[in-house]
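Worth saying up front: this structure is predicted, and the values here are computed from it rather than measured. In each ligand, atom 1 is the first atom listed, and ligand 1 is the first ligand listed.
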Amino acid sequence: MVQLFKEGRGSAHAFMNWQSKEQLDLEYILNVPATVIDNHTVEVAGERFQADNLVLGTGAETVFPNIPGTDLHGVYDFVSLIEELDFEPQRCVIIGGSKVAIEYGSFFQAAGCPTTIAARKPLMRTASLHHVDEDLRQYVVDGMRKRGMQILEGVEPVAIKGDGNGNAKEVILRNMQDGSEESLACDFVFIGTGERPKSEHYREVLGVAVGEKGEILVDKHMRTSVPNVYAIGDLIGPPMEMFKARKGGMTAARNIMGEPYEFDWTDYPDFLHSTYEITWVGLSEEEARQRYDNVVVIQMPPKGVPHEDIPLPCAEGTMLYAFMYPELTGFQKAVVEGNSRRLLGFHHVGFGAKDAFQYLDYLMRRPEGITIDEMGNMNELFLNPEHFIQLCRLRAGSPNLRDL
Ligand SMILES: NC(=O)c1ccc[n+]([C@@H]2O[C@H](COP(=O)([O-])OP(=O)(O)OC[C@H]3O[C@@H](n4cnc5c(N)ncnc54)[C@H](OP(=O)(O)O)[C@@H]3O)[C@@H](O)[C@H]2O)c1
């Protein structure tokens with residue numbers, strides 16, 4: 001599997017490099033470390049390059065918890081997993097409770113390795129994730145448990161212990177309420193405790209201003225505190241998401257070319273994978289109720305209706321699966337402000353709906369937003385997996401909106 005991934009990753013990157021080189025006329029120097037000398041000079045493989053501007057985008061790395069045993073064989077993060085895994089794990093413990101923990105944990109469990117996630121807070125309730133709807137969260141976590149994962153919340157790691165030959169054999173956890181300790185036997189520990197921007201070099205050489213967690217501080221033009229130096233991507237801190245890296249690069253480039261282009265990444269559609277796609281944008285139901293008096297919710301299955309007999313939301317390619325396991329088909333919710341009839345948030349767990357959220361985000365954030373009636377006017381394709389259009393249509397036009 002690792003080999004397959006490495007080969008696949010290589011060819012996709014090679015194509016994108018070719019495209020940028022041949023179609024955008026970029027010059028590349030690949031697979032060698034670069035050293036910044038000053039804000040106009042970079043040294044690569046013994047050669048010095050002069051430039052009017054620098055754009056820094058060297059990413060972030062895992063922050064390992066400060067506990068004994070993280071150097072044992074069998075302890076991995078998302079980088080060393082690919083480069084160093086040399087055995088087939090039989091029993092996995094994941095430390096952390098956010099995206100990396102949930103995504104890798106779900107993968108290891110699905111690949112046949114019984115997995116425990118050990119988290120300090122309830123899963124998905126870490127400060128780095130915003131707008132997480134509680135019903136969505138419950139559906140995701142229940143689903144992980146149904147698939148046999150063990151999820152321990154309210155525990156912190158104390159140590160990873162070895163077997164005497166340098167191999168991890170157990171994780172010691174402390175219950176944060178009563179202080180009791182327990183041991184989990186395992187041969188594979190995966191660290192998902194967050195990432196820290198790799199900014200030391202730039203602090204030392206350029207003196208760029210950084211925040212509390214080492215993130216390079218930039219303005220909406222991606223300018224750092226040092227003239228002619230821009231920074232983008234994970235290096236400027238969370239969200240460490242692809243959209244921010246790519247759009248940040250474009251923002252820096254446009255500003256360097258003289259266009260005063262701004263990028264605000266404080267609010268954005270978000271997603272993660274369990275074995276499902278989990279996607280959300282806008283306000284959660286709780287957030288909407290705190291801000292508005294008249295909140296209407298459209299969801300599937302409707303509140304209080306057991307999922308066992310409802311094979312919805314159903315996606316293309318999963319119809320027979322939906323008939324066999326109706327309760328595993330997913331969950332969806334749209335949050336509406338009842339007076340203005342504007343849609344405030346969308347939340348979805350299932351298959352095939354992620355792409356729609358890019359456009360929902362755009363529609364919702366327009367100054368005029370989008371109303372439930374406008375949504376009901378849209379033309380859906382055959383079986384559109386997030387079903388929001390047809391569900392909104394069931395309420396669109398009715399003068400007094402009610403939950404569905
Ligand atoms: N779009 C994607 O699919 C995707 C996938 C992966 C990662 N990412 C991005 O990559 C970044 C990193 O993600 P992440 O999931 O690694 O980190 P994260 O969102 O920062 O969450 C870190 C998790 O580790 C826990 N933690 C931190 N220090 C710990 C310690 N010493 N002991 C035990 N638990 C500890 C935190 O718990 P507390 O809440 O208790 O602090 C939290 O659950 C994020 O910006 C994320 O958005 C994106």
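Geometrically, ligand 1 and V100 share a nitrogen or oxygen pair separated by less than 3.5 Å. Taking only nitrogen or oxygen atoms, main chain and side chain alike, K99 reaches within less than 3.5 Å of ligand 1. Close N/O approach between L272 and ligand 1 is not found [any backbone or side-chain N/O within under 3.5 Å]. In terms of polar-atom proximity, A127 is not counted as a contact of ligand 1, lacking any N or O under 3.5 Å from an N or O of the ligand. Between G194 and ligand 1, at least one pair of N/O atoms sits closer than 3.5 Å.
Scanning the protein for heavy atoms near atom 23 (C) of ligand 1, the closest one is G192 O, 3.6 Å. In terms of protein heavy-atom proximity, atom 43 (O) of ligand 1 is closest to G97 N, 2.9 Å. Scanning the protein heavy atoms around atom 39 (O) of ligand 1, the nearest turns out to be T126 OG1, 2.6 Å. The protein atom (non-hydrogen) at minimum distance from atom 12 (C) of ligand 1 is E195 OE2, 3.6 Å. Scanning all protein heavy atoms for the shortest distance to atom 38 (P) of ligand 1 gives K121 NZ, 3.5 Å. For atom 19 (O) of ligand 1, the closest heavy atom belonging to the protein is S128 OG, 2.6 Å. Counting only heavy atoms of the protein, atom 35 (C) of ligand 1 lies nearest to T193 CG2, 3.4 Å.
Heavy-atom separations between A119 and ligand 1 are all 4.0 Å or longer.
For atom 21 (O) of ligand 1, the choice among P122, P239, S98 with the nearest heavy atom turns out to be S98. Across the listed options R196, R120, M242, E153, R120 owns the non-hydrogen atom lying nearest to atom 41 (O) of ligand 1. Remark: among candidates E103, H273, M240, the nearest residue to atom 11 (C) of ligand 1 is M240, based on non-hydrogen atoms.
Inspection of the T126 and R120 side chains reveals no N or O donor paired with an N or O acceptor under 3.5 Å. With 3.5 Å as the limit, one finds a donor-acceptor pair spanning the side chains of E134 and Q138.
In terms of heavy-atom proximity, C113 sits nearest to P89 at SG-O, 3.7 Å. Contact between S128 and S98 at its shortest, heavy atoms only, is OG-OG, 3.7 Å. For the pair A315 and F351, the tightest heavy-atom approach, listed with the atom from each and the gap, is CB-O, 3.2 Å.
Remark: side-chain polar atoms of S199 are paired, donor with acceptor, to backbone N or O of G214 under 3.5 angstrom. E277 contributes a side-chain N or O that, together with a main-chain N or O of K354, makes up a donor-acceptor pair within less than 3.5 Å. Of the possible donor and acceptor atoms, none in the side chain of N53 sits under 3.5 Å from a partner among the backbone N and O of Y230.
The contact set between ligand 1 and P157, taken as ligand atoms under 4.0 Å from a residue heavy atom, comprises 32 (N), 33 (C). Close approach of ligand 1 to E241 (heavy-atom distance below 4.0 Å) involves ligand atoms 1 (N), 2 (C), 8 (N), 9 (C), 46 (C), 47 (O), 48 (C).
For H307, the ring pair (Phe, Tyr, Trp, His ring centres under 6.0 Å) test picks out Y139, with sequence neighbours left out.
A ring pair (Phe, Tyr, Trp, His ring centres under 6.0 Å) with H130 holds for exactly one of W280, Y268, W265; it is Y268.
Checked for salt-bridge contact, D270 and K99 meet the test: a charged N lies under 4.0 Å from a carboxylate O.
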